[in-house]
Amino acid sequence: MYLRLATLFLFTATLTQPTVAFAMPSNSYLSTIPEGPPDAILGIAESFKSCTDPNKVNVCVGAYRDSSGKPWILPSVRKAEERMLKDDTVNKEYAPIAGDGRYVELALRFAYGNEMDLGSVAGVQSLSGTGACRIGGHFFARFAPKPKGLDRLPIYIPNPTWGNHIQIFKECGLDVQRYRYYDSKTNALDYDGLIADLKEAPDGSVILLHSCAHNPTGCDPTLQQWKDISDLIKEKSHHVFFDSAYQGFASGDAEADAAALRLFVKEGHNIVLAQSFAKNFGLYGERTGTLSVVCNTPEERSAVMSQLKLIIRPMYSSPPIHGSSIVKTVLEDEELTKEYYANCEEMADRIGSMRRRLVEVLKEVGSTHDWSHVTSQIGMFAFTGMSSDMCDELTSKYSIFLTRDGRISLAGLNEGNIEYVAKAIHDVTDGKSITS
Amino acid sequence: MILRTAQTLTRRAIQSARLTKPRILPSTSTIHLNLFAPLSCVNRGFASASSPWKDFPMAPPDPIIGLTEAYLKDDSPDKVCVNVGVGAYRCDQGMPFVLPVVREAENEINLEELDHEYSGIAGCPNFVNLALRFVYGEDSVPLKEKRVAGVQTLSGTGGLRVFGEVLHQFGHTHIYVPNPTWGNHIPIFTNAGLEVRKYRYYDNEKCSLDFDHLIEDMKNMPEGSCILLHACAHNPTGMDPTMEQWKEISHVAKEKNLLCFFDCAYQGFASGDARKDAAAVRMFVEDGHNIALVQSFSKNFGLYGQRIGALSIVADSPEEAQRVLSQLKVHIRPSYSNPPRHGARIVAKVLASEQKTQEFVEQCMGMAKRIDAMRSRLRTKLEELGSSRSWEHITKQIGVRTMTWHFHFFSRLYFL
């Protein structure tokens with residue numbers, strides 16, 4: 001009996017033992033990893049891709065579409081690429097850490113103007129606007145002194161702003177604060193709120209400014225308002241960080257779109273500027289931009305350059321060359337540059353016409369709301385004033401994909417879908433307020 | 001004492017060479033100092049209300065890329081047209097080399113008139129799938145079971161940085177890297193928030209793998225630590241473990257529950273055989289490790305400046321892989337949003353085609369063979385010049401780099 005019990009015991013014991021010859025490495029960190037949230041903008045774009053509704057409309061991501069709803073390769077960009085292919089001297093070598101020097105020079109001239117003395121401007125190639133904001137954020141976090149009594153450097157960003165700004169600057173270790181920017185009661189710039197908040201910010205804070213075509217609101221200060229903002233920032237010894245993602249694409253006039261940042265440079269601010277060629281050159285996926293710092297002397301410039309490189313090298317070593325080579329090829333050539341400006345104007349004009357058409361068609365389908373804020377906004381987006389519930393309904397009922405803050409990318413509209421979209425907007429907003 | 005005498009004689013020989021031609025460039029180690037100094041030591045801040053940058057200290061140049069910058073700036077007519085600093089392939093005429101299959105792929109891409117739209121945060125899915133198949137193999141069980149989380153990255157550096165940040169976010173405080181290792185590993189992981197510790201790897205005196213100490217250091221690592229391993233062609237030593245030694249490393253890693261993180265920068269380019277170069281990685285996967293792996297296509301595809309790579313993590317299940325993928329995306333978005341398209345299109349076009357893949361393998365093998373030939377010629381020439389030192393290790397090492405005698409190596413290559 002005892003033998004049987006022992007056998008039963010041993011048999012039961014073997015059933016509970018693992019059958020592998022060694023314990024599998026648990027790497028327990030993997031099992032603890034929770035699902036991360038989808039990105040507010042790109043996550044919606046992915047939902048659009050997987051949607052099977054034939055009427056679906058993507059007005060989410062800020063990427064230009066032609067009147068057939070297709071991505072558009074600028075003819076000047078196409079010509080530049082063909083030239084690059086035929087040029088045997090073009091190779092695939094590493095760019096320097098700071099990127100292609102000639103490209104950076106041309107890019108900075110595009111932003112600052114041809115008269116600018118670049119000898120004291122530290123500039124590096126960046127991974128489009130995101131990468132530039134990231135480098136700039138790290139730069140400020142490392143080298144700008146913290147205001148008295150604070151253990152982190154605050155950066156003030158407009159409310160609302162491009163969604164990714166918040167996470168970028170948090171990752172840089174900055175203390176992200178907001179300043180009032182948009183008055184949802186009037187659907188216009190909250191200028192008094194902006195001034196009050198910049199006054200309230202501790203001296204020596206970093207202030208992020210959208211240089212033109214504010215994303216998502218499309219509301220920009222007037223030039224006089226920019227001058228007053230500049231004066232206040234000087235009084236408060238704040239640092240200026242411009243994000244320029246739409247130069248040339250906002251109004252169709254690249255010089256006009258750079259007016260604010262050039263004013264600040266003229267006023268003596270040592271601005272830091274993040275520049276993107278994603279929209280204005282249609283080079284979204286090639287990740288082409290710059291980050292520059294206006295210094296006072298060539299010596300300062302050298303020192304700043306060396307520190308920017310120390311930020312870049314452990315992030316990605318050196319930037320990708322394809323997009324920068326395209327921009328360089330265009331901006332180096334007078335004819336291609338002329339053609340490029342015309343292409344840019346064409347994109348801005350189509351977006352402008354969609355802006356006006358949307359408001360017209362909204363009226364035609366019976367909407368009685370005041371949509372004049374849409375026509376007075378500038379740039380790629382219409383900041384409609386719709387609530388997040390209205391946006392969710394647009395998506396679930398009509399397969400119209402937009403960000404939940406009511407921002408519509410006008411480039412996604414065309415004569416083929418504008419009536420559908422206008423009717424849908426009318427349906428979800430009828431009898432409800434679009435101001436808070 | 002013999003060593004010191006030899007060093008002194010070498011220094012004197014080099015000093016006398018300096019009086020004649022050609023000009024030579026210093027080793028990376030002599031400008032290694034201060035690169036990894038803590039940031040606080042360069043953060044002097046600034047007080048003046050005038051320029052905020054006026055008190056800025058000058059940072060040291062990068063020990064590898066700074067060397068190339070110095071080389072390019074050197075306009076001396078005596079400059080020997082040789083840069084043996086950065087790891088970029090050169091043809092026999094010393095010129096950069098674009099693989100013919102890469103040019104072919106680019107021409108085809110051009111004819112397709114593809115747009116430049118954003119790829120997703122995780123990059124081009126087609127490229128990622130092909131890149132993973134390239135390293136894990138077509139028969140890879142985790143790939144077939146769809147439990148490998150993969151993203152396109154900014155070459156090797158970008159992948160290392162993203163994973164370093166993920167490790168830090170999920171509780172890792174440190175990472176072990178081999179001593180020596182690629183210089184940039186240290187600031188990458190430091191900036192990701194990890195303490196960088198080293199395990200012994202190379203025996204300087206014997207010019208060989210310091211295997212016993214490697215194992216000893218592994219056994220002393222805290223359980224669950226992350227250990228960085230070079231998949232093949234260890235940079236900078238060129239010394240790789242044998243398959244038996246890899247087996248032992250795998251075994252100790254299992255015992256200590258170490259997270260094995262492979263840096264794979266030379267697959268196909270090291271030995272000329274892509275399958276062989278991935279053998280260690282594949283062994284670890286078969287042994288059941290949930291490895292993390294960074295791939296670079298800079299060297300093997302010659303796509304240096306396109307910044308094309310991949311980061312992958314082998315998970316226990318498809319569901320786990322999805323969670324891991326979502327967190328990789330959370331780190332990528334505030335860093336650069338999404339990766340560059342062009343290089344990914346080139347690699348995908350090649351690897352998707354059997355014929356082009358075959359051409360690539362042959363061209364890669366061609367590069368590897370030329371490098372091997374240069375290894376042999378370098379050793380032969382050094383011996384012919386009358387060096388009494390043993391240079392046997394040069395031909396034992398593998399890959400782009402050769403770890404020459406001691407760290408103070410002043411390069412003087414004559415065209416062979």
Side-chain angles (χ1 to χ4, degrees), chain A residues 22 24-27 29-36 39 42 46 63 71 73 81 85 91-97 127-128 130-131 134 142-145 164 167-168 171 237 239 270 282-287 293 295-296 300 302-304 306-307 309-310 313-317 320-323, chain B residues 39 43 45-46 49 51-54 56-59 62 65 69 88 96 98 106-107 110 113 115-121 154-155 157-158 161 170-171 184 187-188 191 254 257 259 288-290 302-307 315 320 323-324 326-327 329-330 333-337 340-343:
Chain A
F22 55 87
M24 292 287 281
S26 68
N27 283 335
Y29 83 104
L30 283 180
S31 57
T32 66
I33 293 181
E35 181 83 23
D39 182 78
L42 300 178
E46 286 177 13
I73 308 172
E81 276 189 293
L85 262 181
N91 56 44
K92 308 284 178 217
E93 291 296 288
Y94 289 118
I97 299 172
L127 288 155
S128 205
T130 307
R134 185 68 182 253
R142 288 181 187 190
F143 298 111
N164 203 17
Q167 199 52 36
I168 292 171
E171 290 292 323
S237 302
H239 302 289
N270 293 92
L283 287 175
Y284 311 94
E286 303 301 346
R287 319 312 291 129
V293 180
C295 307
N296 281 354
E300 269 179 33
S302 285
V304 168
S306 69
Q307 297 293 348
K309 282 151 74 167
L310 274 191
R313 177 60 159 147
M315 283 182 78
Y316 52 86
S317 283
I321 56 175
H322 191 69
Chain B
L39 293 165
N43 182 3
F46 32 79
S51 170
W53 324 128
K54 73 178 187 55
F56 245 64
M58 181 73 85
D62 184 84
I65 298 180
E69 288 175 359
V98 178
E106 264 197 314
N107 283 327
N110 179 55
E113 297 193 7
D115 56 52
H116 296 287
E117 290 296 290
Y118 291 119
S119 56
I121 300 174
L154 292 159
S155 206
T157 308
R161 178 63 178 261
F170 290 102
N184 204 20
I188 289 170
N191 278 275
K254 271 184 237 154
N257 201 18
L259 167 51
H289 291 276
N290 284 19
L303 288 174
Y304 312 95
Q306 302 289 345
R307 317 311 292 127
E320 191 170 271
R323 280 188 280 112
V324 170
S326 70
Q327 293 294 345
K329 285 156 77 168
V330 163
R333 179 55 159 151
S335 184
Y336 53 88
S337 282
R341 289 217 88 132
H342 193 67

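Naming convention: chains lettered A, B, ... in sequence-line order (proteins, then strands); numbering from 1 in each chain. Note that the structure is predicted; figures quoted are calculated from it, not measured.
Side-chain atoms of Met315(A) and Asn191(B), non-hydrogen and from C-beta on, never get closer than 4.5 Å to each other. Side chains of His116(B) and Arg287(A) form no contact here, defined as non-hydrogen atoms less than 4.5 Å apart.
Judged purely by atom type and a 3.5 angstrom limit, Arg161(B) has no side-chain atom pairing as donor or acceptor with the backbone of Tyr316(A). Panel note: side chain Arg134(A), backbone Pro334(B); a donor-acceptor pair is recorded below 3.5 Å. In this structure a side-chain-to-backbone donor-acceptor pair under 3.5 Å is present from Asn184(B) to Arg313(A).
With a 4.5 angstrom heavy-atom cutoff, Leu283(A) touches chain B via backbone and side-chain atoms both. Interface remark: Asn164(A) contributes side-chain atoms only to the contact with chain B (heavy atom separation under 4.5 Å). Using a 4.5 Å cut-off between heavy atoms, Gln167(A) touches chain B through backbone and side chain atoms alike. Contact annotation for Glu46(A): only side-chain heavy atoms (C-beta onward) come within less than 4.5 Å of a heavy atom of chain B. Neither the backbone nor the side chain of Ser128(A) comes within less than 4.5 Å of any heavy atom of chain B.
When Gln306(B), Arg307(B), Arg341(B) are each tested for a side-chain contact (heavy atoms from CB on, under 4.5 Å) with Pro320(A), only one passes: Arg307(B).
Here OH of Tyr304(B) is found 6.0 Å from CD of Glu93(A). Values are rounded to the nearest 0.5 Å. Residue Ser335(B) holds its OG atom at 7.5 Å from CG of Leu127(A), rounded to the nearest 0.5 Å.
The candidate with the highest count of non-hydrogen atom pairs below 4.5 Å against chain A, out of Gly343(B), Ser337(B), Ser119(B), is Ser337(B). With chain A as partner, the option from Asn110(B), Val324(B), Asp115(B) having the largest number of non-hydrogen pairs under 4.5 angstrom is Asn110(B).
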query: When you look at Glu81(A) and Glu106(B), which way does the side-chain contact (heavy atoms from CB on, under 4.5 Å) test go after all the steps?
result: CA-CA 10 Å; Glu81(A) 276 189 293; Glu106(B) 264 197 314; over 6 Å; no

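Considering all non-hydrogen atoms of both residues, Arg323(B) and Glu35(A) come closest at CG-OE1, 3.6 Å.
Using cut-offs of 30° and 60° for the angle between ring planes, the His322(A) and His342(B) rings count as parallel.
Salt bridge status for Arg333(B) with Glu171(A): absent, with no side-chain N to carboxylate O gap under 4.0 Å.
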